[in-house]
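Okay, so here's the structure we're looking at.
Values below: every heavy atom of this structure, side chains too, minus hydrogens, waters and symmetry copies.
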Amino acid sequence: QLQLVESGGALVQAGGSLRLSCASSGRSFSNFAMAWFRQTPGKERELVAAISMFGSSTYYPDFVEGRFTISRDNTKNTVSLQLNNLRPEDTAMYYCAAGPSLARRWDMYRVWGQGTQVTVSS
């Protein structure tokens, strides 16, 4: 059974960078598309980035504006999210998720990590 654990969240100043990591356990990591979502209290979960099973396809919503990059290493069973030029509105709990295929909707992903907090100060 696939399990996901996020790390790398921190308090950073606006304009700074962070690299979030998601480590998986189990031997079926490459069978899943992966994604990063974020959520703040009172707001719906929103997709930040998604990547296909072998990393050949990626997707970013418009608000990312080229600032974030998702990547995966199937030999290490990890997926990462590079966050650059962070803004206060990027403050959220960031979650790693796995699903059967690359999708934009949160309910298409089946396995979730516990989240890692990113806080961007002004």
For Asn74, the side-chain contact (heavy atoms from CB on, under 4.5 Å) test, sequence neighbours excluded, returns Phe29, Ser30, Phe54, Arg72
Sorted by chain and residue number, the side-chain hydrogen bond (donor to acceptor under 3.5 Å, both in side chains) partners of Arg110 (sequence neighbours excluded) come out as none
Q) In terms of heavy-atom contacts, does CD of Gln3 have more than 12 from other residues, nucleotides or ligands at under 6.0 Å? A) no
On a heavy-atom basis, the closest approach of Thr116 and Gly8 is OG1-N, 4.0 Å
Would you give me the side-chain donor-acceptor pairs under 3.5 Å for residues 41-52, sequence neighbours excluded?
{"unit_1": "Glu46", "atom_1": "OE2", "unit_2": "Arg38", "atom_2": "NE", "d": "2.7"}
{"unit_1": "Glu46", "atom_1": "OE2", "unit_2": "Arg38", "atom_2": "NH2", "d": "3.2"}
{"unit_1": "Ser52", "atom_1": "OG", "unit_2": "Ser56", "atom_2": "N", "d": "3.3"}
{"unit_1": "Ser52", "atom_1": "OG", "unit_2": "Ser56", "atom_2": "OG", "d": "3.4"}
{"unit_1": "Ser52", "atom_1": "OG", "unit_2": "Ser57", "atom_2": "N", "d": "3.0"}
{"unit_1": "Ser52", "atom_1": "OG", "unit_2": "Ser57", "atom_2": "O", "d": "3.4"}

In terms of heavy-atom contacts, Met34 and Ile70 come closest through O-CD1, 4.1 Å
Residues passing the ring-ring contact (aromatic ring centres under 6.0 Å, His included) test with Tyr60, sequence neighbours excluded, are none
Ala92 and Thr40 have their tightest heavy-atom pair at CB-CG2, 3.6 Å
Taken in chain and number order and not counting sequence neighbours, the residues that satisfy side-chain hydrogen bond (donor to acceptor under 3.5 Å, both in side chains) with Glu65 are Arg87
Closest heavy-atom pair, Met108 versus Ala103, reported as atoms and distance to 0.1 Å, is CB-CB, 3.7 Å
All heavy atoms of Ala98 vs all of Leu2, minimum pair found to be CB-CD2, 3.6 Å
The complete set of ring-ring contact (aromatic ring centres under 6.0 Å, His included) pairs with one or both residues in residues 99-122, sequence neighbours excluded, reads Phe37-Tyr109, Phe37-Trp112
Shared hydrophobic cluster, Phe32 / Tyr59 (ILVMFWY, side-chain heavy atoms < 4.5 Å): no
Nearest heavy-atom contact between Cys22 and Trp36 is CB-CZ2, 3.7 Å
Across all chains, not counting sequence neighbours, the side-chain contact (heavy atoms from CB on, under 4.5 Å) partners of Ser121 are Leu11, Gln13
Sorted by chain and number, sequence neighbours left out, salt bridge (Lys or Arg N to Asp or Glu O under 4.0 Å) with Arg104 holds for none
_Using the rule given for side chain to side chain contact (heavy atoms under 4.5 Å, CB included), can you reason through Gln114 versus Cys96, listing the C-alpha separation, both sets of side-chain angles and the distance that settles it, and then say yes or no?_
CA-CA 8 Å; Gln114 294 179 314; Cys96 178; over 6 Å; no
Sorted by chain and number, sequence neighbours left out, side-chain hydrogen bond (donor to acceptor under 3.5 Å, both in side chains) with Gln39 holds for none
By side-chain hydrogen bond (donor to acceptor under 3.5 Å, both in side chains), Asp107 pairs with (sequence neighbours left out) Arg105
**Prompt:** Between Leu83 and Asp90, does a side chain to side chain contact (heavy atoms under 4.5 Å, CB included) hold up when you go through it step by step?
**Reply:** CA-CA 9 Å; Leu83 306 171; Asp90 294 320; over 6 Å; no
message = Quick check against the 3.5 Å criterion: does Thr91 have a side-chain atom that pairs as donor or acceptor with the backbone of Val120?
response = yes
Residue pairs meeting ring-ring contact (aromatic ring centres under 6.0 Å, His included), one or both in residues 68-104, sequence neighbours left out, come to none
side-chain contact (heavy atoms from CB on, under 4.5 Å) filter on Asn84, not counting sequence neighbours, yields Ser17, Gln82
Separation between OG1 (Thr119) and CD (Gln117), nearest 0.5 Å, reads 4.0 Å
